[in-house]
Colleague: 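Please read through the structure below; I'll follow up with questions.
Given the structure is predicted, the values throughout are model-derived calculations rather than measurements. Reminder, nothing fancy here: chain letters follow the sequence lines and each chain counts from 1.
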Protein chains: 2
Amino acid sequence: MTEAQPVAVAVSTVIFGLREADGEPALHLPLVRRVREPHLGRWALPGGPLAPEESLREAARRNLAATTGLDPRHLEQLYTFGAVDRGGAERLVSIVYWALVRTDEADRTLDDVNVAWFPVEALPPLAFDHDEVVGWAVKRLKAKLEYTRISHALLPEEFTLAQLREVHEAILGRRLDPANFRRRVEATGTVTRTGGLQSGVRHRPPALYRSTARQELLT
Amino acid sequence: MTEAQPVAVAVSTVIFGLREADGEPALHLPLVRRVREPHLGRWALPGGPLAPEESLREAARRNLAATTGLDPRHLEQLYTFGAVDRGGAERLVSIVYWALVRTDEADRTLDDVNVAWFPVEALPPLAFDHDEVVGWAVKRLKAKLEYTRISHALLPEEFTLAQLREVHEAILGRRLDPANFRRRVEATGTVTRTGGLQSGVRHRPPALYRSTARQELLT
DNA sequence: CCAAAAGTGTTAGAGATACACCCATGA
DNA sequence: TCATGGGTGTATCTCTAACACTTTTGG
């Protein structure tokens with residue numbers, strides 16, 4: 001199981017961030033326009049070849065930084081695609097990661113005509129089988145929302161429960177009852193009150209929370 | 001993202017099957033003894049290099065058949081490991097699948113001194129980081145048991161609910177209430193009564209069931 | 001005072017769990 | 001007939017969803 005193979009290995013990443021759309025936060029992701037064949041001119045997931053001396057995770061992070069200038073709060077392997085007819089002439093095995101970046105960070109994307117954010121609900125035609133890949137990533141994100149606290153990775157250090165709820169609403173695509181959401185989150189113990197209040201709003205000032213310090217479980 | 005890389009790609013598989021241990025079914029998996037360096041003589045997961053003209057899934061199935069002679073009822077990608085220091089001198093990316101084989105099939109394993117079944121609870125020291133890999137696979141199996149019907153893949157076409165329950169008990173490592181298990185399974189609609197009864201037992205003959213025909217959702 | 005969202009209380013329903021009890025068979 | 005697991009009934013508990021209601025701010 002150690003023979004060399006004429007197989008190219010690349011790492012790509014599906015990057016999620018929240019951006020305003022129609023006055024409400026909506027799930028977006030950055031794409032890069034391909035500048036060479038195959039699929040020249042099409043939008044694609046940021047990615048590139050695996051360097052011999054870096055781990056898969058490092059490759060994902062490096063590519064992510066190189067193409068978008070972003071530093072993800074969450075980074076996790078999604079799936080490895082390796083169908084024989086995936087596009088180019090030679091055999092390509094593509095290891096896909098998915099990442100979450102903070103809302104405020106998502107606005108600091110590198111300024112490049114070949115990089116742009118798109119709402120997940122309205123993506124352009126993508127190169128290769130990247131449509132399918134994005135679909136998987138969205139599915140995984142929704143699932144993990146239910147039993148982990150990855151949603152914190154999309155918010156700044158301090159946040160209100162309403163902000164956290166809006167994140168969940170944007171990802172799940174449906175409204176959540178504020179009262180029940182509050183109780184459910186507080187019961188999990190994943191958030192802690194900072195003691196501060198958010199002022200400047202024209203209603204009762206909401207309490208600020210932060211993610212409870214705990215051992216991060218890498219997946 | 002299409003440059004050739006000096007990286008070897010291999011596919012390995014964690015194969016689960018049920019075998020008797022202390023009169024009760026227990027989760028087992030087959031291992032192969034390494035016949036070359038590195039880790040010569042150690043037990044390892046069956047695997048081998050990816051051939052240029054086969055899909056990842058095909059590679060897993062081929063390797064599985066070649067080393068154990070088995071044909072899995074369930075086969076699913078688990079994770080891709082690619083740390084730089086994973087063992088050999090050269091860089092190796094290892095795509096791991098996990099599989100389930102039927103109990104009756106598991107007894108027909110190829111007769112080879114370098115292939116043997118071990119109970120998951122008492123594995124020998126494994127080559128590379130295969131201990132960790134097996135741990136992940138077990139975790140995934142337990143999780144999927146709750147919300148899919150993969151457990152059927154470990155049983156013959158027709159089975160009693162007691163057999164199905166024993167499968168779950170063996171994997172989860174704890175007893176389940178027969179009455180509640182029955183109702184829960186029947187409520188999901190994943191099983192159908194064949195109309196037959198299992199005779200020869202010295203108590204009320206249990207009804208036979210089969211897995212409800214339905215679109216298989218590949219993961 | 002009024003609008004708006006924060007935050008609390010309460011009730012009804014669904015699903016899980018524990019366990020009592022009857023049923024059908026082989027020995 | 002008895003032991004054994006198959007199979008049914010049922011009370012309890014927990015969790016969730018729905019929604020009424022009180023609180024606290026800015027305008």
Colleague: Mind running ring-ring contact (aromatic ring centres under 6.0 Å, His included) on A/His28 and A/Phe118 for me, showing each step along the way?
Modeller: CA-CA 5 Å; A/His28 284 63; A/Phe118 295 88; 8.9 Å; no
Colleague: Rounded to the nearest Å, what distance is computed from the CG atom of residue A/Asp177 to the C1' atom of nucleotide C/dA6?
Modeller: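 That distance rounds to 13 Å.
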Colleague: Looking at every heavy atom in both B/Leu75 and B/Thr13, which two are closest together, and how far apart are they?
Modeller: CD1-CG2, 4.3 Å
Colleague: Start with the C-alpha gap between A/Trp98 and A/His74, add the side-chain angles, then the distance that decides, and say whether ring-ring contact (aromatic ring centres under 6.0 Å, His included) holds.
Modeller: CA-CA 8 Å; A/Trp98 67 279; A/His74 181 85; 5.1 Å; yes
Colleague: Taking NZ, NE, NH1 and NH2 as the nitrogens, is one of them in A/Glu24 or A/Arg175 under 4.0 Å from a carboxylate oxygen of the other?
Modeller: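 Between A/Arg175 and A/Glu24 there is a salt bridge, with a charged N closer than 4.0 Å to a carboxylate O.
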Colleague: Which of residues 194-210 of chain B have a heavy atom under 4.0 Å from DNA chain C?
Modeller: B/Val201, B/Arg202, B/His203, B/Arg204, B/Pro205
Colleague: Among A/Glu157, A/Glu158, A/His152, which one satisfies side-chain hydrogen bond (donor to acceptor under 3.5 Å, both in side chains) with A/Ser211?
Modeller: A/His152
Colleague: Nearest-Å distance, CG (A/Leu176) to P (C/dA5)?
Modeller: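 The distance from CG of A/Leu176 to P of C/dA5 comes to 16 Å, rounded to the nearest Å.
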Colleague: Can you tell me the distance, in whole Å, between the CD atom of B/Glu169 and the C1' atom of D/dG5?
Modeller: 13 Å
Colleague: To the nearest Å, how far apart are B/Arg184 CZ and C/dA18 P?
Modeller: 12 Å
Colleague: So what does B/Ala162 touch, heavy atoms closer than 4.0 Å: a base, only the sugar-phosphate, or nothing?
Modeller: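 The residue B/Ala162 makes sugar-phosphate contact but no base contact.
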Colleague: Are A/Arg61 and A/Asp71 ion-paired here, with the side-chain N under 4.0 Å from a carboxylate O?
Modeller: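 Salt bridge: yes.
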Colleague: Could you state the atom-to-atom distance from CZ of B/Arg182 to P of C/dG15 in whole Å?
Modeller: 19 Å
Colleague: Where the side chain of A/Asn180 is defined as all heavy atoms beyond and including C-beta, which of C/dG7, C/dC19, D/dA18 is the nearest nucleotide?
Modeller: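 Between C/dG7, C/dC19, D/dA18, the one nearest the side chain of A/Asn180 would be D/dA18.
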Colleague: Hey, does the side-chain of B/Arg183 have a donor or acceptor N/O within less than 3.5 Å of a partner on the base of D/dG7?
Modeller: no
Colleague: Can you tell me how far P of D/dG9 sits from CD of B/Glu186, to the nearest Å?
Modeller: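 Going from B/Glu186 (CD) to D/dG9 (P), I get 11 Å.
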Colleague: For B/Leu172 and C/dA16, what is the distance between atoms CG and C1' respectively, to the nearest whole Å?
Modeller: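 One finds 15 Å between C1' of C/dA16 and CG of B/Leu172, rounded.
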Colleague: Is B/Arg62 paired with B/Glu58 through a side-chain N to carboxylate O contact shorter than 4.0 Å?
Modeller: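 No, B/Glu58 and B/Arg62 are not salt-bridged.
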Colleague: Tell me the interatomic distance from A/Phe181, atom CZ, to D/dC15, atom C1', rounded to whole angstroms.
Modeller: 16 Å
